[in-house]
Engineer: 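The structure under discussion is supplied below as C-alpha cells; questions concerning it will follow.
Each residue takes its place number in the sequence, starting with 1.
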Amino acid sequence: MLRNFRLLLASLLAVAMIGTFALVNSALWMADAAPTTVTLNPEADSYVSTSAPTSNYGSATSLSVSESSYRVLLRFDVSLPVGSSITSVNLKLYSNTSLNGRLIVHPSSNDWVETTVTAENQPLWQTAELGRTGTLRSKQYASASLPTNAIATSGKVSFGINTTAGVKGNLASRESTQRPQLVIVYEPSTPTPTPTPTPTATPTPTPTPTPTQTVTPTPTATPTLTPTSTAPANAPKNIRLDPAYTTDLEHTARFLWDPVPNATLYRHYINGVAVAGEDDTGASETIRNLQPATAYTFAVGAFVGGAEYKSAPFSFTTAGAAPTPTPTPTPTPTPTQTATPTPTPTQTVTPSPTPTQTVTPTPTPTQTATPTPTPTVPANAPRNIRLDPAYTTDLEHTARFLWDAVPNATLYRHYINGVAVAGEDDTGASETIRNLQPATAYTFVVGAFVGGAEYKSAPFSFSTAGAAPTPTPTPTSTQTATPTPTPTSTAPANAPKNIRLDPDYALDLQHTARFLWDAVPNATLYRHYINGVAIAGEDDTSTSETVVNLQPGTAYTFTVGAFVGGAEYKSAPFSFTTAATSPTPTPTPTPSEGGWDIAAVGDMNTPGNTSMATHSGANATAILNGMNGGTIDHFLGLGDFQYDWGTCANLVNYWQKVWGGVLPKTYWAAGPGHDVDLTVGFNDIGKYMNGQCAGNTTKSATNTHLNRYVDALEWYSFDQGNWHVLHAPTAAWRYNATRAQAMTAEIDADLAAAKAQGKHLAVMYHDPYFTSTTSSHTRETKVKPWIDVFWKYKVRLLLSGSQHNYERSCPVDNTDQCVGDGMQQFQVSTGGREPLRSFLDSPSYIQRRFADTYGHLLMSLFPDGSYTWNFKPVGGVLQTDSGSRPAG
C-alpha cells in the first residue's frame, strides 16, 4: 500500500505537466488496487446439545454455547475476485448476555447440514484455536481476529464455537436481526496501468445554477445534486424520490430504486448512518422524523451473496419553510451556567481556563441558547424547553434539558439535529444528552406521546462550551482527506492515542476515511464514533477503522473508545475533512399514480373499557387522526373487536365509545369465540356492522360498499383500485365445517375471476395459518384448503389477527417454503387486548415478530402490486417494523 501511495503522489505531481486527464486515470488505477471490505452472513448455523443429543436447532433465533455441553456451528460461502489477497479476517458474533468469559473459534469441516445436525452426528470437533473474542457484553457484537489463512478466497468455510471454562452464553443466529458476520478485507490483484494519453484541451462547461426550492401550497421534497457514481455492478441504481408520495414532505421522504438481481436484503442509510431496524427486501424505503427545509443524503446497500454493495449517495432537501430566528427569552440567572442572548445566531463561548471541568467564578463556561423559531406547535407539544441551570458537570460534552410536563403524556422522545436519540424514550420531563462536541451548535427537540400520537416541540438551539477548533484549510486536491488540528486532550490513560488518517489509504477519500491509532494495553474492544454517534455493528478488536458513506468536502469528527476492564475510555476527538467533488444533476422523477392507504389490527377492546387513555384508545385515536388527516383511507378490522363477547350491548356500550369514529371506513373480519360464538348463542357482529343494534345506526364500509347485510360466517370480496380483497371467515370452520368446505369452490371462482381481470389479490381473515405457537393458539390447520386456493392464484398479501402479538412472514408458499412470488402474512393482533402473548416456537418462515408492543399496521397498496408496511407502536416497548415489497 505504501508503494501505491507513492505512485499516487507521483501522479498528482504529473498533473501540473499533462493535465487533469492523467490524474483521473491514475486515480482510477489506484482505486482498482485498494483494499476492499466485504461482510458475509452465514449460509447456515446451528448449535448442538449433549443433553439433547438427537435434537436439531437449525431454525433457532438464538444459539446456546458453552465450553463443552453446547457448541455452535457456522458456515459461510466466500467468493472473492480471482487473484485477491486477504489482509484480515474478523468473525463477529452478537451476544445476548454479559459474561465473564470469551468465545473460542475453532476450524470445522463442512460435513454438516443445518436442518439435521445434532450432537450425535456433528462433524469431528477440532481443538485447534483460530482466535478468541473479548469479554462478552450484553447486546453487543464480540469480535475475534482470525488468521488470514483460515479461509480461502473462494468456497465454503465452517467454524465451531465454544467458550472459556465455566461460561454458558446465548448468541444471535442468522434467523435474528443481529446475524453473525464474517468481515474480510482483501486486496484485488493489481492490474497493469494503462498508458495515459495526452489530453486535448476541453472548454470548461458553464455550471448550471442549482434550482432554489420555492414554498408553494403543495410542498415538494427536492432532490439536489448527487455525485457521479462509480458504484459496483450489484449496487442499487436509479435512486429517486417516490413521485406518488405526497403525504408529509416536510418530515418524511419515500425512496425508490431499481431492484438488484439476487439481492437478499437492502440496508438504508441517512447521512451515512444505517437506519436501525429497517433492513428489508423491498426496493423502496420511507424515512421519517426529518426536519423541514433540511438537506439530507440517502444511500442504500444491497446484500448479494452475503456481501454488501452500496449505492451512490442521493441528496435531497425536505419541503417547508426555513425557521425565522426570534429573540430568545432571558433565562433565570445562576452563578454557574448562563444562557445569554446575543445579536447573532451563532454565539461564541468562553472556555474554562483550567484543563479540568471545574466551574470557577471567572470566567464561567456557558452553554448558550441561540435564537429559536417562534413555536407553532400543537397543544400537546412540550413547551418552555430550557437548559437545566443546576447542571454544571460537563458543559462541553453534555447538555441537560428541562421542559414543562405535558398532561396525559405517556412517553417523551428526544431528538438531536433531527435524529431520535436511540434508547432514550422515557416518561420524565428532563433529558441529559452526552457525547457532544465542544463549542458546537446543536438543535434539541422533544416529542410527547398523547393518546398514541406524537406531538413535537419547537426546536431549541444551543451551543456547548469549550474552545472552538481552528478552521480547516480548504483542500487543494480532490483526492485528499484533510485532518484538522485536534484540541488538546486530557483523555485518561486507557484512552486511544495518536489517532491519524491512514497514509496508505487512497481508495475513495471523498466518501471514505480510514483511521489508525496506538493499541491500548488490555483493551478487549474498540467502539467508533462519527460526530458523537456510535457506528452500529462496528465494534471490534483491531486498531484501525474504515468509515464509509461520508459526504465529499465535509468536516467530520472521529472518536474511538477502548474498553478496558469493562469500562470505556474515549479518545480526544479527531477532526478531518473529506476530499471535494463536483456534483452532477439528478434527473427529476416522473409522477405516477398513488396507492390505497390502510390501517389494520385485530384484538382491540378489553372488557368494559371506554377509556381513550388505554392501548386500545391510543390505537383508535391514531387511526382516526390518520383518517381525518387524509393519510389513511380505510381501516381493516381483523377480528375480536370487543372482549369477552361482541354482543350488541357490549359493542355499543364499549367498542363504539372507543373505536366508533372509524366505523364508516371499516372493512371487517369476524373472529370465533369473541365476535361470534354459536355454542353460547350470539352472532351480533353482522348486525352491528350493518347499523342494526340499538344505539348504532352507522354502517361499516363493508356493508356500505356491498350494500347488503353480511353474516360473520360468510365470505365476501370487494375491489379497491387495482386490488381485489377477499374476507375468509375462519369462524365458519369452527361452527359449520360443512359450509366452510363448500366455500372453498366459491372462493376459488372469486379469485379466478379477479385474477383474470388483472387484479392483485389480498385476503383478510382472523385465525392465521402462517404463525408461531403461543400459550393459547397455534396455526389454524383447518383452513389449509383455503390456503391451497390462495397459493393457486398467487395471493400476495394475507392479513390476520388472533395471537395477541405481531408477526411478519417471508413470501411463503402452501408448503411453508419462502419463495419470491409467495403469500406474505402479517399477523397483527396488538389492538389493545391485554396481555400480549409470547412465542413458544420459531417457524422458519417468520421474518420479524415481537410480543411486547401495542400498535397497528399501516400499509400502502400500489396499483402495480407493490406495497409498503410500517408498524406504528402506541405502547409497550415501542418496537417497529417497516419495509416494502416490489411489484411481481
Side-chain angles (χ1 to χ4, degrees), residues 39-42 44-49 57-76 89-106 108 114 129-146 150 158-183 274 276-277 279 306 422-423 520 522-529 534-542 545 560-569 838-839 842 848-850 852 877 879:
T39 300
L40 306 180
N41 296 128
D45 65 6
S46 186
Y47 71 93
V48 298
S49 169
Y57 303 97
S59 62
T61 58
S62 62
L63 305 170
S64 296
V65 60
S66 68
E67 180 186 13
S68 58
S69 299
Y70 296 88
R71 288 168 170 173
V72 170
L73 289 168
L74 302 171
R75 185 167 61 239
F76 298 84
V89 181
N90 275 277
L91 180 62
K92 301 174 70 172
L93 300 166
Y94 189 87
S95 177
N96 293 318
T97 50
S98 288
L99 297 170
N100 187 23
R102 303 184 178 193
L103 302 174
I104 306 174
V105 184
H106 304 264
S108 174
E114 182 183 55
E129 288 189 20
L130 295 174
R132 295 192 177 199
T133 68
T135 302
L136 300 182
R137 301 299 177 194
S138 179
K139 308 305 179 187
Q140 293 183 16
Y141 274 96
S143 180
S145 178
L146 308 184
S158 289
F159 303 106
I161 315 293
N162 68 343
T163 69
T164 49
V167 174
K168 180 184 177 184
N170 182 282
L171 310 176
S173 78
R174 75 186 188 103
E175 284 79 11
S176 72
T177 55
Q178 291 85 24
R179 304 172 183 86
Q181 299 175 355
L182 185 65
V183 182
D279 295 354
V520 176
N522 301 315
T524 57
L525 191 78
Y526 294 104
R527 182 162 292 162
H528 319 99
Y529 300 82
I535 305 174
E538 291 298 299
D539 296 353
D540 56 45
T541 57
S542 67
E545 172 68 5
V560 60
F563 284 82
V564 180
E568 183 180 15
Y569 301 87
S838 58
F839 307 103
S842 301
R848 175 80 167 119
R849 64 181 188 177
F850 44 80
D852 53 13
V877 178
Q879 296 204 56

Engineer: With a 4.5 Å heavy-atom cut-off, do Leu103 and Leu136 have their side chains touching?
Structural biologist: yes
Engineer: Report the distance from atom CZ of Arg102 to atom OG of Ser95, rounding to the nearest 0.5 Å.
Structural biologist: 13.5 Å
Engineer: Do Ser842 and Arg849 get their side chains close enough for a donor-acceptor pair, meaning under 3.5 Å?
Structural biologist: yes
Engineer: Say you draw a straight line from OG of Ser64 to CG of Leu171; how long is it, rounded to the nearest 0.5 Å?
Structural biologist: 8.5 Å
Engineer: Quick one: are Leu93 and Leu74 in side-chain contact, heavy atoms under 4.5 Å?
Structural biologist: yes
Engineer: Quick one: pull up OG in Ser62 and CD in Glu175 and give me the separation to the nearest 0.5 Å.
Structural biologist: 10.0 Å
Engineer: Which pair of non-hydrogen atoms, one from Pro180 and one from Asn41, has the smallest distance, and what is that distance?
Structural biologist: O-ND2, 3.1 Å
Engineer: What is the distance from atom CG of Asn162 to atom OG of Ser68, rounded to the nearest 0.5 Å?
Structural biologist: 8.0 Å
Engineer: Taking all heavy atoms of Gly58 and all of Ser46, pick out the closest pair and write down the distance.
Structural biologist: N-OG, 3.4 Å
Engineer: Can you find a heavy atom in the side chain of Arg174 that is under 4.5 Å from one in the side chain of Asp45?
Structural biologist: yes
Engineer: Looking only at heavy atoms, what is the nearest atom pair of Ser108 and Leu73, with distance?
Structural biologist: OG-CD2, 3.9 Å
Engineer: Which heavy atom in Asn90 sits nearest to a heavy atom in Ser143, and how many Å separate them?
Structural biologist: OD1-OG, 3.2 Å
Engineer: Taking NZ, NE, NH1 and NH2 as the nitrogens, is one of them in Glu568 or Arg137 under 4.0 Å from a carboxylate oxygen of the other?
Structural biologist: no
Engineer: Measuring only between side-chain heavy atoms, which start at C-beta, is Arg848 closer than 4.5 Å to Gln879?
Structural biologist: yes
Engineer: How far does CG of Leu130 sit from CD1 of Ile104, to the nearest 0.5 angstrom?
Structural biologist: 11.5 Å
Engineer: Apply side chain to side chain contact (heavy atoms under 4.5 Å, CB included) to residues Lys92 and Thr39 and explain how you reach the verdict.
Structural biologist: CA-CA 10 Å; Lys92 301 174 70 172; Thr39 300; over 6 Å; no
Engineer: Tell me if a side-chain donor or acceptor on Thr163 pairs with a main-chain N or O of Glu67 at a distance below 3.5 Å.
Structural biologist: yes
Engineer: Without swapping roles, check the side chain of Tyr526 against the backbone of Val520 for a donor-acceptor pair under 3.5 Å.
Structural biologist: yes
Engineer: Do His528 and Asp540 come close enough that some side-chain heavy atom pair is under 4.5 Å?
Structural biologist: yes
Engineer: Where is the tightest heavy-atom contact between Arg179 and Ser176, given as atom of each residue plus distance?
Structural biologist: CG-O, 3.5 Å
Engineer: Looking only at heavy atoms, what is the nearest atom pair of Tyr141 and Gln181, with distance?
Structural biologist: OH-NE2, 3.6 Å
Engineer: Between Tyr57 and Tyr47, what is the ring plane arrangement, given parallel below 30°, perpendicular above 60°, and tilted in between?
Structural biologist: parallel
Engineer: Measure the shortest side-chain to side-chain distance between Asn170 and Val65 over non-hydrogen atoms and say whether it is less than 4.5 angstrom.
Structural biologist: no
Engineer: Check whether any side-chain heavy atom of Thr524 lies under 4.5 Å from a side-chain heavy atom of Thr541, and answer yes or no.
Structural biologist: no
Engineer: With a 4.5 Å heavy-atom cut-off, do Leu91 and Phe76 have their side chains touching?
Structural biologist: yes
Engineer: Can you measure from OG1 (Thr177) to OH (Tyr94) and round to the nearest 0.5 angstrom?
Structural biologist: 7.5 Å
Engineer: Could you go through Phe850 and Val877, starting from their C-alpha distance and side-chain angles, then the distance that decides it, and tell me whether this counts as side chain to side chain contact (heavy atoms under 4.5 Å, CB included)?
Structural biologist: CA-CA 10 Å; Phe850 44 80; Val877 178; over 6 Å; no
Engineer: In chain order, what residues pass the salt bridge (charged side-chain N to carboxylate O under 4.0 Å, His left out) check against Arg527, with sequence neighbours excluded?
Structural biologist: Asp539
